[in-house]
Amino acid sequence: MAPAHATYAITGATGRLGGRIARRLADAGIEQTLLARTPARAPRLAGATPAPGAYDDHEALVRALRETDRVLMVSAAESADRLHAHRTFVDAAAEAGVAHLVYISFYAAAPEATFTLARDHWHTEQHIRASGIPFTFLRDNLYADFMPALVGADGAIRGPAGDGRAAVVAQDDIADAAVAVLRGPHPHAGRTYELTGPEALTLTDVARILTAVGGRPVSYVPETIEEAYASRAAFGAADWQLDAWVSTYTAIADGSLATVTTAIPDLTGHPAAPLEQVLRTASGPPAG
């Protein structure tokens, strides 16, 4: 159990993952500060106090985080300058005297990771290490919850993933792991956990499971890297965003996301949810 005097601050509470974590803390009767660019958008939770906390507002962050014991840092929205925003947040946390920082990173983060955005996570981790703040890194694999979003209007998942696999993980499991670390951070200080689901799936497997759960035929159609860039060019995204989209699939193809770990059961005490369970839970009970 968390000591009664411990103070908590949560970022990303207006989003899916941060919101899950904030709700779990509130349900446990834990008071918390919810940092948000727009505090009015923060969820209304018992014991939760919204506060200004944009990642690029150093002074506001220092005020909000002053001598906070435990802070959850959810990565900022994808952007060309996300790493700068992360460094600003970490510097403010260090100046404010934060006692422990739990950072939601990405699986197998590395300076030359195939998935381009995982490189930003690695550089963020290094900045946290250099800051001197006691930390725990939770590196999540691809979200199982987002697999339906890969399906196009024609019922196909298209990308250069080949026969590679990804150990997709449920956001609820990530949230449970984060809460476990936040409530008892000391054994996890300086640790890095790779969070995965219980099995590594090809996109053919994902399509089969989506078909079985949703009742709508879904298939996986492999693309070459050139075809992947061409098919996404119509969205008019910046080059860094196109690279991120395509490298999601190439990271699957080269096995970067395939290794299954026991971090979820080790941290939470319950098994990691398989993709089918995640999808069925999201769709709710059948009507009738």
Side-chain angles (χ1 to χ4, degrees), residues 15-20 75 77-79 104 106-108 113-118 140-175 195-260 264 272-288:
R16 294 180 178 88
L17 181 58
R20 282 173 161 85
S75 55
E78 296 175 6
S79 69
I104 305 295
F106 189 79
Y107 183 94
T114 302
F115 178 46
T116 56
L117 297 183
D140 51 70
N141 206 290
L142 297 177
Y143 292 152
D145 314 62
F146 286 2
M147 290 300 102
L150 301 180
V151 183
D154 61 353
I157 301 172
R158 299 177 186 273
D163 295 323
R165 295 176 178 270
V168 299
V169 62
Q171 287 188 314
D172 278 333
D173 285 343
I174 300 169
L195 306 186
T196 77
E199 56 189 342
L201 304 171
T202 66
L203 290 188
T204 298
D205 295 329
V206 171
R208 171 181 51 78
I209 295 168
L210 287 168
T211 299
V213 173
R216 171 195 177 197
V218 176
S219 62
Y220 168 54
V221 180
E223 290 181 313
T224 66
I225 293 175
E226 292 75 16
E227 289 170 337
Y229 274 99
S231 66
R232 290 156 178 79
F235 292 100
D239 288 347
W240 70 266
Q241 183 70 78
L242 290 173
D243 291 340
W245 288 343
V246 174
S247 65
T248 304
Y249 295 91
T250 56
I252 296 173
D254 72 5
S256 295
L257 308 180
T259 301
V260 174
I264 290 295
L275 176 60
E276 182 172 354
Q277 179 182 330
V278 174
L279 297 174
R280 292 194 184 281
T281 299
S283 62

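Quick note: numbers below take in every heavy atom, side chains included, and nothing from hydrogens, waters or symmetry partners.
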Residue pairs, two or more places apart or on separate chains, that pass ring pair (Phe, Tyr, Trp, His ring centres under 6.0 Å) and touch residues 208-245: F235-W245

Check P160 against A253 and note the closest heavy-atom contact, atom names and distance. O-CB, 3.5 Å

Among residues at least two apart in sequence or on other chains, which ones pass side chain to side chain donor-acceptor pair (under 3.5 Å) with E276? R280

Nearest heavy atoms of L17 and A175, plus distance in Å: CD1-N, 4.0 Å

Set of residues satisfying side chain to side chain contact (heavy atoms under 4.5 Å, CB included) with respect to D205, sequence neighbours excluded: R165, L201, T202, R208

Mind checking what makes side chain to side chain donor-acceptor pair (under 3.5 Å) contact with D154, not counting sequence neighbours? R158

Side-chain polar contacts of residues 140-147 - donor-acceptor pairs under 3.5 angstrom, sequence neighbours left out - could you list them?
| from | atom 1 | to | atom 2 | distance (Å) |
| --- | --- | --- | --- | --- |
| N141 | ND2 | L257 | O | 3.1 |
| D145 | OD1 | Q171 | N | 2.8 |

Tell me, please, which residues at least two apart from Q277 pass side chain to side chain contact (heavy atoms under 4.5 Å, CB included). A273, P274, T281

Does the side chain of D243 come under 3.5 Å of the side chain of T116 through a donor N or O and an acceptor N or O? no

Taking the side chain as every heavy atom from C-beta outward, state whether V168 and V206 have any atom pair closer than 4.5 Å. no

Which residues pass the side chain to side chain donor-acceptor pair (under 3.5 Å) test with T259, not counting sequence neighbours? none

Between CD1 on residue I252 and CG on residue L203, distance to nearest 0.5 Å: 4.5 Å

A237 and L242: which non-hydrogen atoms are nearest, and at how many Å? O-CD1, 3.9 Å

Interatomic distance, T250 atom OG1 to I225 atom CD1 [nearest 0.5 angstrom]: 6.0 Å

Looking at R232 and V246, what are the two nearest heavy atoms and their distance? CD-CG2, 4.2 Å

Not counting sequence neighbours, which residues clear side chain to side chain donor-acceptor pair (under 3.5 Å) with T204? List them please. none

Heavy-atom pair with the smallest gap, counting every atom of A108 and A113: O-CB, 4.2 Å

Quick check: closest heavy atoms across E223 and S231, and the distance to 0.1 Å? OE2-OG, 3.2 Å

Applying side chain to side chain contact (heavy atoms under 4.5 Å, CB included), name anything that partners A212, two or more places apart in sequence or on another chain. none

Output all residues satisfying salt bridge (charged side-chain N to carboxylate O under 4.0 Å, His left out) with E227, sequence neighbours left out; order by chain, then residue number. none

With sequence neighbours left out, write down each residue that passes side chain to side chain contact (heavy atoms under 4.5 Å, CB included) with T211, or none if nothing qualifies. V218

All ring-ring contact (aromatic ring centres under 6.0 Å, His included) counterparts of F106, not counting sequence neighbours: F115

